[in-house]
J.: 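What follows is a single structure, and I will ask about it in a moment.
In what follows, chains are A, B, ... by sequence order, proteins preceding strands, each numbered from 1.
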Number of protein chains: 2
Amino acid sequence: MDTPRKMATAQKIMDAAIELFAEFGYDGVTTEQIAEAAGFSEKTLFRHYHSKQSLLEKAIDRYHYAEEMKAIFDRKLSGNLDEDLWMISEHYHRIMYRNRKMLQVIMKVGSNLPELHQHARRHPEVLRNLLARYFVMMKEQGKLRDVDPEKVAVTFLYMNFGLAQIRMNDDMTYTEEEFQGLLKESVDLFVRGVTV
Amino acid sequence: MDTPRKMATAQKIMDAAIELFAEFGYDGVTTEQIAEAAGFSEKTLFRHYHSKQSLLEKAIDRYHYAEEMKAIFDRKLSGNLDEDLWMISEHYHRIMYRNRKMLQVIMKVGSNLPELHQHARRHPEVLRNLLARYFVMMKEQGKLRDVDPEKVAVTFLYMNFGLAQIRMNDDMTYTEEEFQGLLKESVDLFVRGVTV
DNA sequence: ATTGTCAGTCAGTGCTCACTGACATTCAAT
DNA sequence: ATTGAATGTCAGTGAGCACTGACTGACAAT
């Protein structure tokens with residue numbers, strides 16, 4: 001049976017693992033270090049996860065984002081370019097920030113674990129398609145100047161991806177407010193760039 | 001004496017090392033694999049680099065970009081926003097593409113090697129300052145609308161950084177031409193976004 | 001008081017890996 | 001043909017690491 005106590009320790013161990021994997025990489029961390037950081041013995045780690053790799057794999061299941069973005073596109077779009085893009089950006093960065101540790105892990109894991117890469121690469125792909133569809137729609141409604149919606153989608157996606165990097169590491173070069181200001185300016189710039 | 005033969009093997013070994021580090025990460029590659037990929041015995045690797053880490057460190061000396069970007073700003077700017085930004089982007093992406101393997105290495109190395117991170121983080125910082133100064137100048141000359149030059153610089157930098165990611169891995173989702181087209185559209189969009 | 005669950009201890013196994021030393025071999029230049 | 005530098009071979013060392021097994025202790029529910 002999965003008692004709450006059991007789950008709590010499993011959780012703590014995973015938290016510690018993600019934290020350490022993000023900083024030092026999968027190969028850069030020992031199971032002993034993970035266990036110690038979680039406050040348990042190494043033995044306990046192996047009782048909950050039968051291998052180091054399975055621990056990583058379970059952690060990856062935490063990493064969502066495609067699904068969440070899809071939901072946003074399905075429900076919340078107004079048709080106002082400025083509003084929509086701002087909203088999309090906000091959600092995107094919230095998701096990226098929440099998952100930043102796992103993202104660092106994924107970026108650091110090499111091709112040793114190929115399934116992981118496939119898995120991770122799917123997500124931005126989904127978002128790109130959602131954005132492209134959206135821009136096609138907007139163009140049909142005459143809300144864009146003569147641009148290639150695909151390219152515009154990619155530009156918007158990677159602009160945001162780039163900006164998200166700023167908050168990946170924990171150095172506080174930007175406060176939350178400063179970052180929001182930066183985002184605001186970026187999205188505004190982008191909207192001006194694609195409208196007439 | 002450093003004979004040409006000696007240098008050639010040292011070079012081959014380093015090339016192989018960078019290639020493998022980029023794909024599997026520093027900890028994910030053995031010295032034996034590196035030597036084999038380079039076509040030499042492991043022993044020879046250690047005769048040229050007295051440790052695995054020193055091999056990585058020597059490799060990092062290859063990684064330039066701040067200096068190159070500085071040179072571009074010093075000489076080649078015309079004052080025409082569109083031209084300048086397009087030129088800067090082009091150079092940036094050429095440098096990033098040339099150094100892509102090392103960039104992958106750097107991104108994958110964990111905090112085990114902190115000097116490396118410091119070293120790497122300096123480069124975008126320099127470029128950001130160069131861009132900020134440039135946008136301040138342009139604004140003084142009345143070539144920008146009422147924007148914050150710092151934020152504009154950061155947006156431009158990270159937009160390009162994001163786009164550079166597209167070509168980091170060797171999956172050929174974009175051809176060289178398609179990528180240039182994408183860049184063109186991005187820079188164009190950006191220029192429209194910051195001018196009146 | 002008993003029993004089941006979860007965690008700790010400790011000693012250990014088997015493997016991998018960075019790195020070495022002694023000696024043999026290849027190769028290029030004279 | 002000789003020499004010296006560069007590379008190969010092979011066997012090994014010592015450390016680190018994922019992972020295990022046998023056993024003990026803490027605690028909560030019945």
J.: Rounding to an integer number of Å, can you tell me how far A/Ile13 CD1 sits from C/dC6 P?
T.: 13 Å
J.: Examine C/dC6: is either OP1 or OP2 under 4.0 Å from a nitrogen or oxygen in the side chain of A/His48? Give yes or no.
T.: no
J.: Side chains of A/Asp84 and A/Tyr134: is there a donor and an acceptor less than 3.5 Å apart?
T.: yes
J.: At under 4.0 Å, does any side-chain N or O of B/Ser51 touch on OP1 or OP2 of C/dA18?
T.: no
J.: Of the listed nucleotides (D/dC19, C/dG8, D/dT7), which one gets closest to any side-chain atom of B/Phe40?
T.: D/dT7
J.: If you compare every side-chain N and O of A/Thr31 against the phosphate oxygens of D/dA18 (OP1, OP2), does one of them come in below 4.0 Å?
T.: yes
J.: Ignoring the backbone of A/Lys43, work out which of D/dA22, D/dT7, C/dA18 is nearest its side chain.
T.: D/dA22
J.: Taking CD from B/Gln53 and C1' from C/dC19, how many angstroms apart are they, rounded to a whole number?
T.: 14 Å
J.: Would you say B/Lys52 places a side-chain N or O within less than 4.0 Å of OP1 or OP2 belonging to C/dA18?
T.: yes
J.: Take atom CZ of B/Arg47 and atom C1' of C/dT20, then tell me their distance rounded to the nearest Å.
T.: 11 Å
J.: Under 4.5 Å between any side-chain heavy atoms of B/Glu23 and B/Gln104, yes or no?
T.: no
J.: Closer than 4.0 Å, any side-chain N/O of B/Thr44 to the OP1 or OP2 of D/dG8?
T.: yes
J.: Can you tell me the distance, in whole Å, between the CD atom of B/Glu42 and the P atom of D/dG8?
T.: 12 Å
J.: Establish, for the pair B/Arg94 and B/Tyr97, whether the NZ or CZ atom is under 6.0 angstrom from the six-membered ring centre and no further than 45 degrees off its axis.
T.: no
J.: On the six-membered ring of B/Phe21, is B/Lys52 placed so that its NZ or CZ lies under 6.0 angstrom from the centre and within 45° of the ring axis?
T.: no
J.: Could you give the CG-to-C1' distance, from A/Leu45 to C/dT9, as a whole number of Å?
T.: 16 Å
J.: What is the distance from CE of A/Met7 to C1' of C/dA7, rounded to the nearest Å?
T.: 18 Å
J.: Assign A/Thr30 to base, sugar-phosphate, or nothing according to its heavy-atom contacts below 4.0 angstrom with the strands shown.
T.: sugar-phosphate
J.: Calculate the interatomic distance between A/Gln11 atom CD and C/dA7 atom C1'; express it in whole Å.
T.: 18 Å
J.: Would you check if B/Thr9 and B/His48 make a side-chain contact, meaning some heavy-atom pair closer than 4.5 Å?
T.: yes
J.: Give the rounded distance in Å between these two atoms: CD of B/Glu36 and P of D/dT7.
T.: 17 Å
J.: The side chain of A/Phe46 lies closest to which of these nucleotides: D/dA18, D/dT9, C/dA7?
T.: D/dA18
